[in-house]
Amino acid sequence: FAGSCSEEELKVDVVIDELNAYSYSYPTELPSSKFTFKWVESRKPERYSSAAPLSPDARLRIVSERVDFKDNLVMSVSIGPPNSLFLRSKDKSRWSPKDVADSVLADKSALRVTSSQRIDESSVLDAHSSIIDGESYWYYEYLVRKSPTKSVQEPNLYRHFVASTAERDGYLYSLNASTLSKQWDKMGPYLEKAVASFRLLPPTENYVPPYKDPWRFW
C-alpha cells in the first residue's frame, strides 16, 4: 500500500495480542497538523471460542476492536475458518487474493442469507498478496454498499475498507480497517499503513489456538 503520509509525521502505537498471537500498529497522532486520533478499545482481545460471532453460523468472530467515533474509524481483528466455497484447496499457496477476500466477506455478514448474497453487499476493489518472513499475507480493499438506514441511500454513508489476512492452524486471521467513503482520501493512507503492519507472531505460552475449547464461552 502506498500512503501519502510521510514516515516522520505519523505517530503510532502497537497492539500485541498474545492470546491470539498477532500484532499491528495504528495511528495515534499527526504532530504537524496537531491532529490526535480518539481511539477507544471497544473489544479487548479475547479467545476465539468466547468472541461474539459475526454471522449466524458463528464461523467468523471479532477477537478485538478499536473505534474512533469522532472520525468514524473502526479497526477490528477477526478469526474464522476458510470458506470452502471459495478456498477449496488445502494448499494456501494456490489461493488467489480475491478468493481469500471473498471467503472472509462471505462469512462477515450478520444477515441470515446465503454466502453469495452476503458477497453482493460488498465489492472488492483490489486484491493482492505478499510473502513476509515466509508467511503469506493477502491484502484487499472493498466497499460495503449497504447503507446504514433504508431511508437514507446516500453513497457517502457506505464504508470503505482495507484488510489484511493471514492463515494459521487452519484459520484465517484478518485485520479490517474502515471509514466512511467521503473520508477515504483523508484517512485511507493511515488505515492502509496500519493494515500493512499486521503480522502473525510466534505463539507464546499465552496463545490459545482457535480450535481449542470450541464451546467454551467464558
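One-based numbering along the sequence shown.
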Exercise for the section: Ignoring hydrogens and angles, state whether a donor on the side chain of S32 or E9 is under 3.5 Å from an acceptor on the partner side chain. Expected result: yes
Problem - Neighbour count >12 (heavy atoms, 6.0 Å) for atom NZ, K38 - result: yes
Problem - Nearest atoms (heavy-atom pairs only) where P189 meets D185 - result: CD-O, 3.7 Å
Handout entry: N/O donor-acceptor pair under 3.5 Å between R59 side chain and I79 backbone
Key = no
Problem - Student check: side-chain heavy atoms of V74 and E65 closer than 4.5 Å - result: yes
Exercise for the section: Determine yes or no for a side-chain-to-main-chain donor-acceptor pair under 3.5 angstrom, with T179 supplying the side chain and N72 the backbone. Expected result: yes
Exercise for the section: Verify the cluster assignment for M75 and V67: are they in a single hydrophobic cluster under the rule of side-chain heavy atoms below 4.5 Å apart? Expected result: no
Exercise for the section: Determine yes or no for a side-chain-to-main-chain donor-acceptor pair under 3.5 angstrom, with D91 supplying the side chain and S93 the backbone. Expected result: yes
Handout entry: Non-hydrogen side-chain atoms of L125 and L143 separated by less than 4.5 Å
Key = yes
Fill in the blank from the handout: Between L175 and A194 the two heavy atoms that sit nearest each other are CD2-O, 3.7 Å
Problem - Atom pair CG (D99) and OH (Y140), whose distance is rounded to the nearest 0.5 Å - result: 12.0 Å
Problem - Side chain to side chain, D133 and E135, heavy atoms closer than 4.5 Å - result: no
Exercise for the section: Using the test side chain to side chain contact (heavy atoms under 4.5 Å, CB included), find all partners of S64 that sit at least two apart in sequence or belong to another chain. Expected result: Y22, P45, V77
Problem - Interatomic distance, S181 atom OG to R159 atom CZ [nearest 0.5 angstrom] - result: 9.0 Å
Practice task
Ignoring hydrogens and angles, tell me if any N or O in the side chain of D71 forms a donor-acceptor pair with the backbone of L73 under 3.5 Å.
Solution key: no
Fill in the blank from the handout: Here the gap from E46 atom CD to L19 atom CG, rounded to the nearest 0.5 Å, amounts to 9.0 Å
Practice task
Begin from the C-alpha positions of H160 and Q183 and carry the test side chain to side chain donor-acceptor pair (under 3.5 Å) through to its verdict.
Solution key: CA-CA 9 Å; H160 196 138; Q183 290 182 284; over 6 Å; no
Exercise for the section: Considering non-hydrogen atoms only, spot the tightest contact between A106 and F86 and give its length. Expected result: CB-CE1, 3.6 Å
Practice task
Indicate yes or no: at least one non-hydrogen side-chain atom of S136 is less than 4.5 angstrom from one of S129.
Solution key: no
Practice task
Return the minimal non-hydrogen interatomic distance between V195 and A163, and the atom names on each side.
Solution key: CG1-C, 3.4 Å
Practice task
Please name the pair of heavy atoms, one in Y48 and one in P210, separated by the smallest distance, quoted to 0.1 Å.
Solution key: CD2-O, 3.4 Å
Handout entry: Same apolar cluster: I16 and L200, side chain cutoff 4.5 Å
Key = no
Handout entry: Nearest non-hydrogen partners of I62 and A51, listed with the distance
Key = O-CB, 3.3 Å
Handout entry: Expected output: side-chain R66 to main-chain S76 donor-acceptor under 3.5 Å
Key = no
Practice task
Give, for atom CD of E141 and atom CG of L191, the distance between the pair rounded to the nearest 0.5 Å.
Solution key: 10.5 Å
With a cut-off of 3.5 Å and sequence neighbours excluded, list every side-chain donor-acceptor pair involving residues 166-174.
from	atom 1	to	atom 2	distance (Å)
E167	OE1	K92	NZ	2.8
E167	OE2	G170	N	2.9
R168	NE	Y207	OH	3.4
R168	NH1	A21	O	3.2
R168	NH1	L201	O	3.1
R168	NH2	N20	O	2.7
R168	NH2	A21	O	3.2
D169	OD2	Y207	OH	2.9
Y173	OH	Y207	OH	3.2
S174	OG	T165	OG1	2.7

Exercise for the section: Step by step, work out the side chain to side chain contact (heavy atoms under 4.5 Å, CB included) result for L105 and V124. Expected result: CA-CA 9 Å; L105 295 180; V124 176; 3.8 Å; yes
Exercise for the section: State, yes or no, whether a side-chain contact exists between L30 and L10 at a heavy-atom distance under 4.5 Å. Expected result: yes
Exercise for the section: Report the C-alpha distance between N176 and S78 in whole Å, list the side-chain angles of each, state the deciding distance to 0.1 Å, and finish with yes or no for side chain to side chain contact (heavy atoms under 4.5 Å, CB included). Expected result: CA-CA 8 Å; N176 274 275; S78 63; 4.2 Å; yes
Practice task
Answer yes or no: is there a donor N or O on one side and an acceptor on the other, between the side chain of S25 and the main chain of S197, under 3.5 Å?
Solution key: no
Handout entry: The single option from W138, Y139, Y137 passing ring-ring contact (aromatic ring centres under 6.0 Å, His included) against H128
Key = Y139
Problem - Geometric class of the Y26/W39 ring pair [parallel <30°, tilted 30-60°, perpendicular >60°] - result: perpendicular
Exercise for the section: List in chain and number order the residues that pass ring pair (Phe, Tyr, Trp, His ring centres under 6.0 Å) with F35, two or more places apart in sequence or in another chain; answer none if no residue qualifies. Expected result: F37
Practice task
Please check if any side-chain donor atom of R199 sits under 3.5 Å from a side-chain acceptor atom of S23, or the reverse.
Solution key: no
Completion exercise
Taken to the nearest 0.5 Å, the spacing of F161 CZ from W184 CH2 works out to 10.0 Å
Problem - E29 CD to K11 NZ distance, which is reported to the nearest 0.5 Å - result: 4.5 Å
